[in-house]
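Hydrogens, waters and symmetry mates are skipped; everything else that's a heavy atom, side chains included, is used. All ligand and atom numbering here is 1-based and tracks the order in the structure. The first residue of the sequence shown is numbered 1, and numbering continues consecutively from there.
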Amino acid sequence: MTLTRRNFNQLALSSAAVGLIPQALAQTTERRVRYAIVGLGRISVNSFMPALRASSNSAITALVSGSPEKARRLAAQYGVPEGSIYSYEQFDRIRENASVDAVYIGLPNGMHAEYTIRAAQAGKHALCEKPMAISVEESKAMIAACKRANKKLMIGYRCQLEPTTLHAKQIIQSGQLGKIQSIESANGFSTPPGEWRLNRKLAGGGPLLDVGIYSLNACRFLLGQEPSRVSAFSSVVDHDGRFDQVEETIAWTMRFPSGALAICSTSYGADLEGFVRVHGSKGTLTLQPAFSYEGIQMSGQIDGEAITYLNKMPFPDEFVREADHFSSCILEDRQPGPSGEEGLRDMEWIDRIYKSAAAQS
Ligand code: NDP
């Protein structure tokens, strides 16, 4: 078998997972940003930790968790010493841990601000999952805390670093699609009961903050403009107790300064394969799937000529790009993007979308 980067990473991932390759061997370059993983849930364990292992300039050196047994098991798997496992209460002690440069925050949305701010105060850089927080005020406080501590802050909008999305943006921005008239996007999934995602304090809202944010961010990112107006409706279709605290479905429209209109929706009541469709005067471009962990695909036509683009990077390479990028920004003292300010702008629009939906209910 030829050992390409892809199958080396896969071999390293699967072998390391069963303890055949120690992390030191799977990660061979010298300068690495060393991460504490905060919250050992699905995104951390299934996606970001394997990505850090496969990254050329990152390593996992500490874990922060409320589940000691899970933390010990993952520590053994990733070669993290017992002394570098922290509970949430002990989190501030990472200040004294010289083998931690940065934190990755994979906690429920309502905990992002607190742990980002505490990380900055402990002298660590922060890569925080989207949505960056649950309010505009929290988002501003996170940016201020990282600035005060002179630490870098990035928000986990992996699609902004993803090749198909970047290719689509280039087509739109270069005018190849002509004048953009409208953009449509949807994203959602059916959420089971008992999830923190249905708890307002932990989630901050419903599907808009969790998965609708992909559509909102894609519209802003692809068009390269901030909306000038927004209007929204929300609803609950399933009166089964899941949506007592958060909306089930929300749909919104945005008008951009160029005149382009966006029509978006998101739901916790149905499995929607995320898509983005952009209609210009010279053609149409569709991203579908638009937000998946692999296989993001573009199709469409310009002046009747078919256009296609497929990101063939295997999982977890989208996350590896994200880790590589944030780590290289730290190592080379560059400003990482998507920045805290980018996360804040989404939070400001989310706030306006909710206000509009409330006004029309
Ligand atoms: P999970 O529920 O799978 O994990 C969250 C983890 O947070 C838990 O496992 C737990 O870890 C910790 N935690 C601490 N306090 C609580 C609490 N009160 N209730 C529940 N969990 C708690 O969530 P996800 O991994 O799906 O999502 C985490 C974040 O990542 C969210 O902000 C989400 O929006 C974002 N996300 C981003 C994605 C992307 O593609 N960029 C994709 C999916 C999610 P422990 O047991 O170790 O304490």
Side-chain angles (χ1 to χ4, degrees), residues 36-52 60 62-75 77-78 80 85-91 103-116 118 126-134 138-139 142 154-162 165 187-189 191-218 245-246 266 268 274 289-296 315-323 325-326 338 342-343 346-347 350:
I37 307 297
V38 190
L40 304 177
R42 283 160 287 193
I43 191 73
S44 298
V45 174
N46 301 335
S47 301
F48 205 72
M49 291 174 70
L52 283 174
I60 299 170
L63 302 176
V64 182
S65 174
S67 315
E69 253 178 55
K70 179 172 52 174
R72 272 196 293 277
R73 179 173 51 76
L74 285 162
Q77 200 174 315
Y78 281 86
V80 172
I85 301 176
Y86 302 90
S87 65
Y88 296 111
E89 293 72 31
Q90 298 165 330
F91 177 78
V103 301
Y104 167 77
I105 297 174
L107 291 166
N109 310 340
M111 299 171 76
H112 290 185
E114 177 186 346
Y115 284 88
T116 299
R118 284 168 72 180
L127 171 47
C128 179
E129 266 307 338
K130 46 53 62 181
M132 77 181 286
I134 59 171
E138 279 190 355
S139 308
M142 290 162 75
M154 183 169 121
I155 311 304
Y157 292 113
R158 70 190 147 72
C159 294
Q160 289 202 12
L161 302 167
E162 189 279 323
T165 311
N187 194 25
F189 68 100
T191 307
E195 275 268 340
W196 62 260
R197 287 178 159 82
L198 302 173
N199 175 308
R200 176 162 291 279
K201 190 162 176 281
L202 287 170
L208 176 58
L209 276 153
D210 187 23
V211 278
I213 195 170
Y214 285 90
S215 294
L216 168 63
N217 193 262
Q245 297 187 28
V246 301
T266 183
Y268 272 165
F291 313 120
S292 50
Y293 296 170
E294 62 180 334
I296 293 181
F315 176 83
D317 279 8
E318 278 186 37
F319 293 92
V320 176
R321 277 170 85 94
E322 192 183 329
H325 172 67
F326 189 56
E342 172 69 0
D346 270 349
M347 291 310 302
I350 283 171

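Trp196 NE1, 2.7 Å is the protein heavy atom nearest to atom 2 (O) of ligand 1. Nearest protein heavy-atom neighbour of atom 37 (C) of ligand 1: Glu129 OE1, 3.1 Å. Nearest protein heavy-atom neighbour of atom 46 (O) of ligand 1: Ser67 OG, 2.6 Å. The nearest protein atom to atom 44 (C) of ligand 1, hydrogens excluded, is given as Arg197 NH2, 3.7 Å; this is a heavy-atom distance. When hydrogens are left out, the protein atom nearest atom 32 (O) of ligand 1 is Asn109 OD1, 2.7 Å; that is the closest non-hydrogen contact. Counting only heavy atoms of the protein, atom 7 (O) of ligand 1 lies nearest to Pro108 CD, 3.3 Å. At the top of the distance list for atom 39 (C) of ligand 1, counting protein heavy atoms only, stands Tyr214 OH, 3.1 Å. Of the protein's non-hydrogen atoms, the one nearest atom 47 (O) of ligand 1 is Ser65 OG, 2.6 Å.
Gln160 and Asn217 share a donor-acceptor pair across their side chains, judged by distance under 3.5 Å alone.
Between Leu202 and ligand 1, no pair of N/O atoms sits closer than 3.5 Å. Taking distance alone, with nitrogen or oxygen atoms compared against 3.5 Å, Leu107 approaches ligand 1 more closely than that limit. Ligand 1 has no nitrogen or oxygen under 3.5 angstrom from a nitrogen or oxygen of Val64. Checked against a 3.5 angstrom limit, the closest N/O atoms of Leu40 and ligand 1 fall inside it.
The atoms of ligand 1 that sit less than 4.0 Å from any heavy atom of Lys70 are 9 (O), 11 (O), 45 (P), 46 (O), 47 (O). The distance from ligand 1 to the heavy atoms of Gly156 drops below 4.0 Å at these ligand atoms: 41 (N). Within ligand 1, counting atoms from 1 as listed, the ones closer than 4.0 Å to a heavy atom of Gly106 are 5 (C), 6 (C), 7 (O), 28 (C). Each of the following atoms of ligand 1 lies closer than 4.0 Å to a heavy atom of Gly66: 45 (P), 47 (O), 48 (O). Ligand-side atoms of ligand 1 in range of Asp210: 34 (O), range being under 4.0 angstrom from any heavy atom.
In this pair, Tyr104 and Phe48 present their aromatic rings parallel. The plane angle is below 30°, not in the 30 to 60° band. A perpendicular orientation is assigned to the rings of Tyr115 and Phe91, their planes being inclined by more than 60° (bins at 30° and 60°).
Contacts between Phe291 and ligand 1, counted as non-hydrogen atom pairs separated by less than 4.0 Å, are absent for every part of the residue. By the criterion of a heavy-atom distance under 4.0 Å, the side chain of Tyr88, and not its backbone, is placed next to ligand 1. Of all the heavy atoms of Arg42, the ones lying under 4.0 Å from any atom of ligand 1 are found in both the backbone and the side chain. Counting heavy atoms under 4.0 Å from ligand 1, residue Glu322 does not touch it at all. Only the side chain of His112 comes within 4.0 Å of ligand 1, judged by heavy-atom distances.
The shortest separation from a heavy atom of Pro131 to ligand 1 is under 4.0 Å, placing the residue in contact. The closest approach between Glu195 and ligand 1 stays at or above 4.0 Å for every heavy atom of the residue.
Side chain of Glu195 to main chain of Leu198: no donor-acceptor pair is present (N/O by atom type, distance under 3.5 Å, no hydrogens or angles). Judged by distance alone, with hydrogens and angles left aside, the side-chain atoms of His325 form no donor-acceptor pair with the main-chain N or O of Leu161 at under 3.5 Å. In this structure, Lys70 contributes its side chain and Leu40 its backbone to a donor-acceptor pair below 3.5 Å. Checked by atom type and distance alone, the side chain of Asn199 pairs as donor or acceptor with a backbone atom of Leu202 at under 3.5 Å. Using modelled atom types, one side-chain atom of Ser87 and one backbone atom of Gln90 make a donor-acceptor pair closer than 3.5 Å.
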message: With side-chain contact (heavy atoms from CB on, under 4.5 Å) as the criterion, how do Arg72 and Ile85 come out once you've worked through the C-alpha distance, each side chain's angles and the decisive distance to 0.1 Å?
response: CA-CA 8 Å; Arg72 272 196 293 277; Ile85 301 176; 4.0 Å; yes
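For Arg158 and Glu318, the salt-bridge test passes: some basic side-chain N is under 4.0 Å from an acidic carboxylate O. For Lys130 and Asp346, the salt-bridge test fails: no basic side-chain N is under 4.0 Å from an acidic carboxylate O. In this structure, Arg118 pairs ionically with Glu114, as a charged nitrogen and a carboxylate oxygen lie closer than 4.0 Å.
With Ile37 as the fixed residue, the side chain to side chain contact (heavy atoms under 4.5 Å, CB included) test singles out one of Val80, Val103, Ile60: Ile60.
Side chains of Pro50 and Tyr78 form a contact here, defined as non-hydrogen atoms less than 4.5 Å apart.
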